Protein chains: 2
Amino acid sequence: MTVYTIKDVSKMFQLPASTLRYYEDMAILTNVRRTAAGQRIYEEKHIHRLRTICCLKRTGLSISKLQMFFTYEEQETEHIDDILDLLIEQQQHIEKQLIQFQKDLEHVKRKLHYYSDIKTALTAKKMHPIWSDYREKQF
Amino acid sequence: MTVYTIKDVSKMFQLPASTLRYYEDMAILTNVRRTAAGQRIYEEKHIHRLRTICCLKRTGLSISKLQMFFTYEEQETEHIDDILDLLIEQQQHIEKQLIQFQKDLEHVKRKLHYYSDIKTALTAKKMHPIWSDYREKQF
DNA sequence: TATTGACTTCAAGTATACTTGAAGTGATAT
DNA sequence: ATATCACTTCAAGTATACTTGAAGTCAATA
(Lines give C-alpha, C1' and ligand atoms only; values in the text may rest on other atoms or scores of the structure.)
Protein backbone atom coordinates (compact mmCIF):
# COMPACT_ATOMS: atom_id res chain seq x y z
CA MET A 1 0.00 0.00 0.00
CA THR A 2 1.62 3.20 -1.28
CA VAL A 3 1.65 6.19 1.03
CA TYR A 4 2.81 9.77 0.51
CA THR A 5 4.24 12.60 2.60
CA ILE A 6 2.81 16.11 2.39
CA LYS A 7 5.79 17.03 0.20
CA ASP A 8 5.05 14.21 -2.24
CA VAL A 9 1.44 15.29 -2.58
CA SER A 10 2.41 18.96 -2.76
CA LYS A 11 4.68 18.24 -5.73
CA MET A 12 2.18 15.87 -7.34
CA PHE A 13 -0.57 18.50 -7.46
CA GLN A 14 1.59 21.61 -7.57
CA LEU A 15 -0.13 22.81 -4.40
CA PRO A 16 1.70 24.32 -1.40
CA ALA A 17 1.68 22.14 1.73
CA SER A 18 -0.23 24.93 3.48
CA THR A 19 -3.08 24.47 1.01
CA LEU A 20 -3.24 20.74 1.75
CA ARG A 21 -3.45 21.50 5.47
CA TYR A 22 -6.09 24.13 4.74
CA TYR A 23 -8.18 21.61 2.78
CA GLU A 24 -8.00 19.32 5.79
CA ASP A 25 -9.08 22.16 8.11
CA MET A 26 -11.97 22.84 5.74
CA ALA A 27 -12.85 19.13 5.93
CA ILE A 28 -12.71 18.53 2.20
CA LEU A 29 -9.67 16.28 2.66
CA THR A 30 -10.46 13.88 5.50
CA ASN A 31 -9.06 10.96 7.49
CA VAL A 32 -5.42 11.76 6.88
CA ARG A 33 -3.39 9.43 9.11
CA ARG A 34 -0.31 10.51 11.08
CA THR A 35 3.09 9.08 11.94
CA ALA A 36 3.96 8.68 15.63
CA ALA A 37 5.50 12.16 15.43
CA GLY A 38 2.35 13.69 13.96
CA GLN A 39 3.36 13.97 10.30
CA ARG A 40 0.64 13.48 7.69
CA ILE A 41 0.39 10.22 5.75
CA TYR A 42 -1.58 10.42 2.51
CA GLU A 43 -3.01 7.34 0.82
CA GLU A 44 -4.35 6.56 -2.67
CA LYS A 45 -7.84 7.64 -1.62
CA HIS A 46 -6.51 11.10 -0.82
CA ILE A 47 -4.89 11.32 -4.24
CA HIS A 48 -8.22 10.45 -5.85
CA ARG A 49 -10.03 12.91 -3.63
CA LEU A 50 -7.57 15.64 -4.55
CA ARG A 51 -8.10 14.95 -8.25
CA THR A 52 -11.81 15.53 -7.71
CA ILE A 53 -11.18 18.63 -5.58
CA CYS A 54 -8.93 20.14 -8.27
CA CYS A 55 -11.37 19.25 -11.05
CA LEU A 56 -14.37 20.77 -9.29
CA LYS A 57 -12.52 23.82 -7.99
CA ARG A 58 -11.02 24.58 -11.40
CA THR A 59 -14.45 24.48 -12.98
CA GLY A 60 -15.87 26.89 -10.43
CA LEU A 61 -17.11 24.98 -7.38
CA SER A 62 -16.51 26.76 -4.07
CA ILE A 63 -14.98 25.22 -0.96
CA SER A 64 -18.38 25.25 0.75
CA LYS A 65 -19.98 23.34 -2.14
CA LEU A 66 -17.11 20.87 -1.99
CA GLN A 67 -17.79 20.43 1.72
CA MET A 68 -21.41 19.63 0.88
CA PHE A 69 -20.45 17.26 -1.90
CA PHE A 70 -18.11 15.17 0.23
CA THR A 71 -20.60 15.18 3.11
CA TYR A 72 -23.20 13.79 0.72
CA GLU A 73 -20.71 11.20 -0.55
CA GLU A 74 -20.22 9.92 2.99
CA GLN A 75 -23.97 9.30 3.18
CA GLU A 76 -24.45 8.16 -0.37
CA THR A 77 -27.72 6.28 0.24
CA GLU A 78 -29.53 9.18 1.89
CA HIS A 79 -28.09 11.85 -0.39
CA ILE A 80 -27.93 10.14 -3.77
CA ASP A 81 -30.26 12.74 -5.34
CA ASP A 82 -28.30 15.63 -3.85
CA ILE A 83 -25.12 14.15 -5.33
CA LEU A 84 -26.74 13.72 -8.74
CA ASP A 85 -28.19 17.26 -8.67
CA LEU A 86 -24.83 18.75 -7.80
CA LEU A 87 -23.03 16.76 -10.50
CA ILE A 88 -25.63 17.55 -13.18
CA GLU A 89 -25.43 21.24 -12.33
CA GLN A 90 -21.65 21.12 -12.48
CA GLN A 91 -21.74 19.27 -15.81
CA GLN A 92 -24.01 21.93 -17.30
CA HIS A 93 -21.84 24.65 -15.83
CA ILE A 94 -18.70 23.19 -17.43
CA GLU A 95 -20.49 22.78 -20.78
CA LYS A 96 -21.56 26.43 -20.70
CA GLN A 97 -18.05 27.53 -19.80
CA LEU A 98 -16.59 25.46 -22.65
CA ILE A 99 -18.85 27.21 -25.16
CA GLN A 100 -18.03 30.60 -23.68
CA PHE A 101 -14.29 29.86 -23.70
CA GLN A 102 -14.46 28.95 -27.37
CA LYS A 103 -16.06 32.32 -28.08
CA ASP A 104 -13.49 34.05 -25.91
CA LEU A 105 -10.70 32.26 -27.76
CA GLU A 106 -12.12 33.57 -31.04
CA HIS A 107 -12.24 37.07 -29.58
CA VAL A 108 -8.58 36.88 -28.56
CA LYS A 109 -7.60 35.42 -31.95
CA ARG A 110 -9.36 38.30 -33.72
CA LYS A 111 -7.47 40.80 -31.58
CA LEU A 112 -4.26 38.95 -32.30
CA HIS A 113 -4.80 39.11 -36.05
CA TYR A 114 -5.71 42.76 -35.82
CA TYR A 115 -2.60 43.73 -33.86
CA SER A 116 -0.38 41.52 -35.89
CA ASP A 117 -1.64 43.29 -39.03
CA ILE A 118 -0.98 46.59 -37.27
CA LYS A 119 2.59 45.49 -36.64
CA THR A 120 3.00 44.65 -40.33
CA ALA A 121 1.50 48.00 -41.26
CA LEU A 122 3.89 49.77 -38.89
CA THR A 123 7.05 48.16 -40.24
CA ALA A 124 6.03 47.95 -43.90
CA LYS A 125 4.34 51.35 -43.82
CA LYS A 126 1.16 49.83 -45.21
CA MET A 127 -2.43 50.84 -44.51
CA HIS A 128 -3.37 50.69 -40.86
CA PRO A 129 -6.09 48.06 -40.35
CA ILE A 130 -9.54 48.92 -38.92
CA TRP A 131 -10.94 46.91 -35.99
CA SER A 132 -14.44 46.79 -37.50
CA ASP A 133 -13.02 44.63 -40.30
CA TYR A 134 -12.01 42.01 -37.70
CA ARG A 135 -14.98 42.14 -35.36
CA GLU A 136 -16.99 39.45 -37.16
CA LYS A 137 -14.15 37.35 -38.57
CA GLN A 138 -13.42 33.72 -37.68
CA PHE A 139 -9.78 32.73 -37.38
CA MET B 1 -24.81 58.11 -32.06
CA THR B 2 -26.28 55.72 -29.52
CA VAL B 3 -25.51 56.34 -25.88
CA TYR B 4 -26.34 54.37 -22.73
CA THR B 5 -26.99 55.04 -19.07
CA ILE B 6 -25.22 53.06 -16.34
CA LYS B 7 -28.44 51.07 -15.91
CA ASP B 8 -28.55 50.15 -19.61
CA VAL B 9 -24.97 48.91 -19.49
CA SER B 10 -25.52 47.18 -16.18
CA LYS B 11 -28.41 45.16 -17.68
CA MET B 12 -26.58 44.56 -20.94
CA PHE B 13 -23.61 42.90 -19.21
CA GLN B 14 -25.37 41.62 -16.11
CA LEU B 15 -22.94 43.63 -14.02
CA PRO B 16 -23.95 45.78 -11.03
CA ALA B 17 -23.56 49.55 -11.56
CA SER B 18 -21.04 49.55 -8.72
CA THR B 19 -18.80 47.24 -10.76
CA LEU B 20 -18.93 49.60 -13.74
CA ARG B 21 -17.90 52.48 -11.46
CA TYR B 22 -15.18 50.29 -10.00
CA TYR B 23 -13.82 49.49 -13.48
CA GLU B 24 -13.67 53.21 -14.12
CA ASP B 25 -11.83 53.79 -10.83
CA MET B 26 -9.42 51.05 -11.84
CA ALA B 27 -8.94 52.84 -15.18
CA ILE B 28 -9.88 49.87 -17.31
CA LEU B 29 -13.00 51.69 -18.50
CA THR B 30 -11.94 55.20 -19.49
CA ASN B 31 -13.24 58.47 -20.92
CA VAL B 32 -16.81 58.02 -19.80
CA ARG B 33 -18.62 61.30 -20.46
CA ARG B 34 -21.10 62.89 -18.05
CA THR B 35 -24.39 64.75 -18.27
CA ALA B 36 -24.55 68.27 -16.85
CA ALA B 37 -25.73 66.66 -13.60
CA GLY B 38 -22.77 64.29 -13.51
CA GLN B 39 -24.45 61.07 -14.68
CA ARG B 40 -22.36 58.69 -16.74
CA ILE B 41 -22.87 58.45 -20.50
CA TYR B 42 -21.56 55.28 -22.13
CA GLU B 43 -20.89 55.04 -25.85
CA GLU B 44 -20.37 52.18 -28.32
CA LYS B 45 -16.64 52.19 -27.60
CA HIS B 46 -17.38 51.42 -23.95
CA ILE B 47 -19.61 48.54 -24.95
CA HIS B 48 -16.77 47.11 -27.06
CA ARG B 49 -14.29 47.70 -24.27
CA LEU B 50 -16.55 45.92 -21.80
CA ARG B 51 -16.84 42.93 -24.14
CA THR B 52 -13.06 42.68 -24.11
CA ILE B 53 -12.89 43.17 -20.34
CA CYS B 54 -15.43 40.39 -19.75
CA CYS B 55 -13.71 38.06 -22.22
CA LEU B 56 -10.28 38.54 -20.70
CA LYS B 57 -11.47 38.48 -17.10
CA ARG B 58 -13.50 35.33 -17.64
CA THR B 59 -10.49 33.58 -19.08
CA GLY B 60 -8.34 34.50 -16.12
CA LEU B 61 -6.75 37.92 -16.70
CA SER B 62 -6.48 40.07 -13.57
CA ILE B 63 -7.52 43.70 -13.27
CA SER B 64 -3.88 44.77 -13.14
CA LYS B 65 -3.10 42.94 -16.39
CA LEU B 66 -6.16 44.55 -17.95
CA GLN B 67 -4.81 47.93 -16.85
CA MET B 68 -1.54 47.12 -18.61
CA PHE B 69 -3.31 45.90 -21.72
CA PHE B 70 -5.39 49.03 -22.16
CA THR B 71 -2.42 51.24 -21.37
CA TYR B 72 -0.52 49.46 -24.16
CA GLU B 73 -3.50 49.87 -26.50
CA GLU B 74 -3.41 53.62 -25.96
CA GLN B 75 0.21 53.61 -27.16
CA GLU B 76 -0.18 51.00 -29.82
CA THR B 77 2.89 51.99 -31.82
CA GLU B 78 5.32 51.89 -28.90
CA HIS B 79 3.79 48.81 -27.29
CA ILE B 80 2.77 46.68 -30.24
CA ASP B 81 5.03 43.80 -29.12
CA ASP B 82 3.76 44.01 -25.54
CA ILE B 83 0.19 43.78 -26.86
CA LEU B 84 1.06 40.79 -29.04
CA ASP B 85 2.89 39.03 -26.19
CA LEU B 86 -0.04 39.50 -23.85
CA LEU B 87 -2.55 38.28 -26.43
CA ILE B 88 -0.45 35.26 -27.41
CA GLU B 89 -0.06 34.32 -23.76
CA GLN B 90 -3.78 34.69 -23.20
CA GLN B 91 -4.56 32.62 -26.29
CA GLN B 92 -2.33 29.80 -25.05
CA HIS B 93 -3.84 30.09 -21.60
CA ILE B 94 -7.38 29.73 -22.98
CA GLU B 95 -6.34 26.78 -25.14
CA LYS B 96 -4.84 25.02 -22.12
CA GLN B 97 -7.95 25.72 -20.08
CA LEU B 98 -10.17 24.36 -22.86
CA ILE B 99 -8.25 21.08 -22.85
CA GLN B 100 -8.36 20.91 -19.06
CA PHE B 101 -12.09 21.68 -18.98
CA GLN B 102 -12.74 18.86 -21.44
CA LYS B 103 -10.93 16.48 -19.11
CA ASP B 104 -12.80 17.91 -16.13
CA LEU B 105 -16.09 17.44 -17.95
CA GLU B 106 -15.19 13.78 -18.53
CA HIS B 107 -14.37 13.41 -14.85
CA VAL B 108 -17.76 14.83 -13.84
CA LYS B 109 -19.55 12.65 -16.41
CA ARG B 110 -17.83 9.54 -15.02
CA LYS B 111 -18.94 10.48 -11.51
CA LEU B 112 -22.43 11.11 -12.83
CA HIS B 113 -22.62 7.67 -14.43
CA TYR B 114 -21.24 6.06 -11.31
CA TYR B 115 -23.77 7.70 -8.98
CA SER B 116 -26.61 7.20 -11.38
CA ASP B 117 -25.76 3.47 -11.45
CA ILE B 118 -25.66 3.55 -7.65
CA LYS B 119 -29.15 5.04 -7.64
CA THR B 120 -30.36 2.23 -9.90
CA ALA B 121 -28.68 -0.33 -7.67
CA LEU B 122 -30.33 1.21 -4.61
CA THR B 123 -33.87 1.13 -6.00
CA ALA B 124 -33.61 -2.10 -7.99
CA LYS B 125 -31.56 -3.84 -5.35
CA LYS B 126 -28.90 -4.70 -7.90
CA MET B 127 -25.13 -4.97 -7.38
CA HIS B 128 -23.54 -1.78 -6.10
CA PRO B 129 -21.10 -0.45 -8.71
CA ILE B 130 -17.38 0.01 -8.01
CA TRP B 131 -15.69 3.36 -8.78
CA SER B 132 -12.58 1.71 -10.23
CA ASP B 133 -14.77 0.41 -13.08
CA TYR B 134 -15.57 4.01 -14.03
CA ARG B 135 -12.21 5.67 -13.47
CA GLU B 136 -10.92 5.09 -17.01
CA LYS B 137 -14.21 5.16 -18.92
CA GLN B 138 -15.20 7.70 -21.58
CA PHE B 139 -18.79 8.87 -21.61
C1' DT C 1 -44.73 71.55 -4.49
C1' DA C 2 -43.32 67.53 -2.30
C1' DT C 3 -41.54 63.21 -2.50
C1' DT C 4 -39.70 59.35 -4.71
C1' DG C 5 -36.16 57.27 -7.31
C1' DA C 6 -31.76 57.23 -9.62
C1' DC C 7 -27.73 58.78 -9.76
C1' DT C 8 -23.27 60.67 -7.52
C1' DT C 9 -18.64 60.31 -4.31
C1' DC C 10 -15.69 58.26 -1.07
C1' DA C 11 -14.32 55.47 2.59
C1' DA C 12 -14.87 51.38 4.70
C1' DG C 13 -16.47 46.70 4.70
C1' DT C 14 -16.90 41.87 2.78
C1' DA C 15 -16.15 37.20 0.60
C1' DT C 16 -13.19 33.69 -0.77
C1' DA C 17 -9.23 31.23 -0.62
C1' DC C 18 -5.53 30.85 0.89
C1' DT C 19 -0.64 32.39 3.14
C1' DT C 20 2.41 33.69 6.66
C1' DG C 21 4.59 33.89 11.09
C1' DA C 22 5.77 32.36 15.58
C1' DA C 23 6.84 28.82 18.46
C1' DG C 24 7.63 24.12 19.10
C1' DT C 25 8.87 18.90 18.12
C1' DG C 26 11.15 15.28 15.91
C1' DA C 27 14.35 13.37 12.21
C1' DT C 28 18.55 13.65 9.53
C1' DA C 29 23.25 15.03 8.19
C1' DT C 30 28.13 16.26 9.59
C1' DA D 1 26.57 15.70 19.59
C1' DT D 2 24.81 19.39 17.36
C1' DA D 3 22.98 21.89 13.91
C1' DT D 4 19.74 22.13 10.39
C1' DC D 5 15.69 20.74 8.13
C1' DA D 6 10.91 19.27 7.80
C1' DC D 7 7.19 18.99 9.84
C1' DT D 8 3.53 20.52 13.36
C1' DT D 9 -0.44 24.02 15.34
C1' DC D 10 -2.97 28.13 15.56
C1' DA D 11 -3.93 32.82 14.99
C1' DA D 12 -3.47 36.51 12.23
C1' DG D 13 -2.49 38.52 7.83
C1' DT D 14 -3.00 39.03 2.66
C1' DA D 15 -4.71 39.37 -2.23
C1' DT D 16 -8.28 40.14 -5.36
C1' DA D 17 -12.37 41.91 -6.71
C1' DC D 18 -15.73 43.86 -5.64
C1' DT D 19 -19.88 45.70 -2.37
C1' DT D 20 -22.05 48.54 0.88
C1' DG D 21 -23.29 52.60 3.44
C1' DA D 22 -23.71 57.39 4.31
C1' DA D 23 -24.60 61.69 2.63
C1' DG D 24 -25.74 64.51 -1.03
C1' DT D 25 -27.65 66.15 -5.88
C1' DC D 26 -30.82 66.12 -9.57
C1' DA D 27 -35.03 64.66 -12.40
C1' DA D 28 -39.61 63.11 -12.70
C1' DT D 29 -44.19 61.99 -11.00
C1' DA D 30 -48.55 62.64 -7.92
Side-chain angles (χ1 to χ4, degrees), chain A residues 3-43 46 49-71 86 90 93 97 104, chain B residues 3-43 46 49-71 86 90 93 97 104:
Chain A
V3 296
Y4 309 89
T5 65
I6 199 164
K7 207 172 198 181
D8 294 336
V9 180
S10 169
K11 277 180 191 159
M12 202 180 295
F13 287 91
Q14 309 257 65
L15 289 173
S18 61
T19 300
L20 296 171
R21 291 191 205 102
Y22 170 72
Y23 285 170
E24 219 178 315
D25 285 350
M26 293 296 101
I28 61 175
L29 205 50
T30 50
N31 306 313
V32 179
R33 284 190 295 134
R34 302 300 184 101
T35 64
Q39 273 136 300
R40 286 168 175 81
I41 299 168
Y42 295 93
E43 300 160 44
H46 299 111
R49 170 67 64 97
L50 272 166
R51 273 202 261 279
T52 299
I53 291 172
C54 290
C55 162
L56 294 177
K57 264 197 51 58
R58 224 183 346 251
T59 55
L61 214 73
S62 64
I63 297 278
S64 71
K65 284 281 184 73
L66 280 166
Q67 287 169 342
M68 285 181 60
F69 182 70
F70 295 124
T71 306
L86 198 148
Q90 192 64 7
H93 183 60
Q97 285 185 95
D104 291 340
Chain B
V3 297
Y4 309 89
T5 66
I6 199 165
K7 206 173 200 181
D8 295 334
V9 181
S10 170
K11 277 179 191 162
M12 201 180 296
F13 287 91
Q14 309 257 64
L15 290 174
S18 62
T19 302
L20 296 172
R21 290 191 205 101
Y22 171 72
Y23 286 169
E24 218 179 313
D25 284 352
M26 293 297 101
I28 61 176
L29 203 50
T30 50
N31 306 314
V32 179
R33 284 189 296 133
R34 301 302 182 100
T35 64
Q39 273 137 297
R40 286 167 175 81
I41 299 169
Y42 295 93
E43 301 159 42
H46 300 110
R49 170 67 66 96
L50 271 167
R51 273 202 261 280
T52 299
I53 291 172
C54 290
C55 161
L56 295 176
K57 265 198 49 60
R58 223 184 347 252
T59 55
L61 213 73
S62 64
I63 298 278
S64 71
K65 284 278 182 74
L66 280 166
Q67 287 170 341
M68 284 181 62
F69 182 69
F70 295 124
T71 305
L86 199 148
Q90 192 64 7
H93 183 60
Q97 284 186 98
D104 291 340

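Just so it is clear, the model here is predicted, and its values are computed rather than measured. Side-chain atoms are counted along with the backbone in the values below, which use heavy atoms only and exclude waters and symmetry mates.
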Next item on the list: Under 4.0 Å from any heavy atom of chain B: name the first and the last nucleotide of DNA chain C that qualifies, 5' to 3'.
Entry: C:dA6 to C:dT9
Item checked: Residue whose nearest DNA chain D nucleotide is more 5′ - B:Lys57 or B:Gln39 -> B:Lys57
Check: Which residue, B:Ile63 or B:Ala37, contacts DNA chain D at a nucleotide closer to its 5' end, judged by nearest heavy atom?
Finding: B:Ile63
Notebook entry, point to check: To the nearest Å, how far apart are A:Ile41 CD1 and D:dC7 C1'?
Noted result: 13 Å
Margin query: Using the side chain to side chain donor-acceptor pair (under 3.5 Å) criterion, which residues pair with B:Arg51? Sequence neighbours excluded.
Written below: none
Item checked: N-O pairing of A:Glu24 and A:Arg49 below 4.0 Å -> no
Check: Mind checking what makes side chain to side chain contact (heavy atoms under 4.5 Å, CB included) contact with A:Ala36, not counting sequence neighbours?
Finding: none
Once you apply a heavy-atom cut-off of 4.0 Å, does [X] come out as touching a base, just sugar-phosphate, or nothing?
X	value
B:Ser18	base
A:Ser62	sugar-phosphate
A:Lys65	nothing

Margin query: Does D:dC7 have its OP1 or OP2 closer than 4.0 Å to a side-chain nitrogen or oxygen of A:Arg40?
Written below: no
Show me the donor-acceptor pairs within less than 3.5 Å that the side chains of residues 60-70 of chain B make with the rest of the protein, sequence neighbours left out.
unit_1, atom_1, unit_2, atom_2, d
B:Ser62, OG, B:Ser64, OG, 3.3
B:Ser62, OG, B:Lys65, N, 3.3
B:Gln67, NE2, B:Met26, O, 2.9

Could you list the donor-acceptor pairs under 3.5 angstrom formed by side chains in residues 11-18 of chain B, with sequence neighbours left out?
none

Check: Can you list the residues that meet the ring-ring contact (aromatic ring centres under 6.0 Å, His included) rule with B:Tyr22, with sequence neighbours excluded?
Finding: none
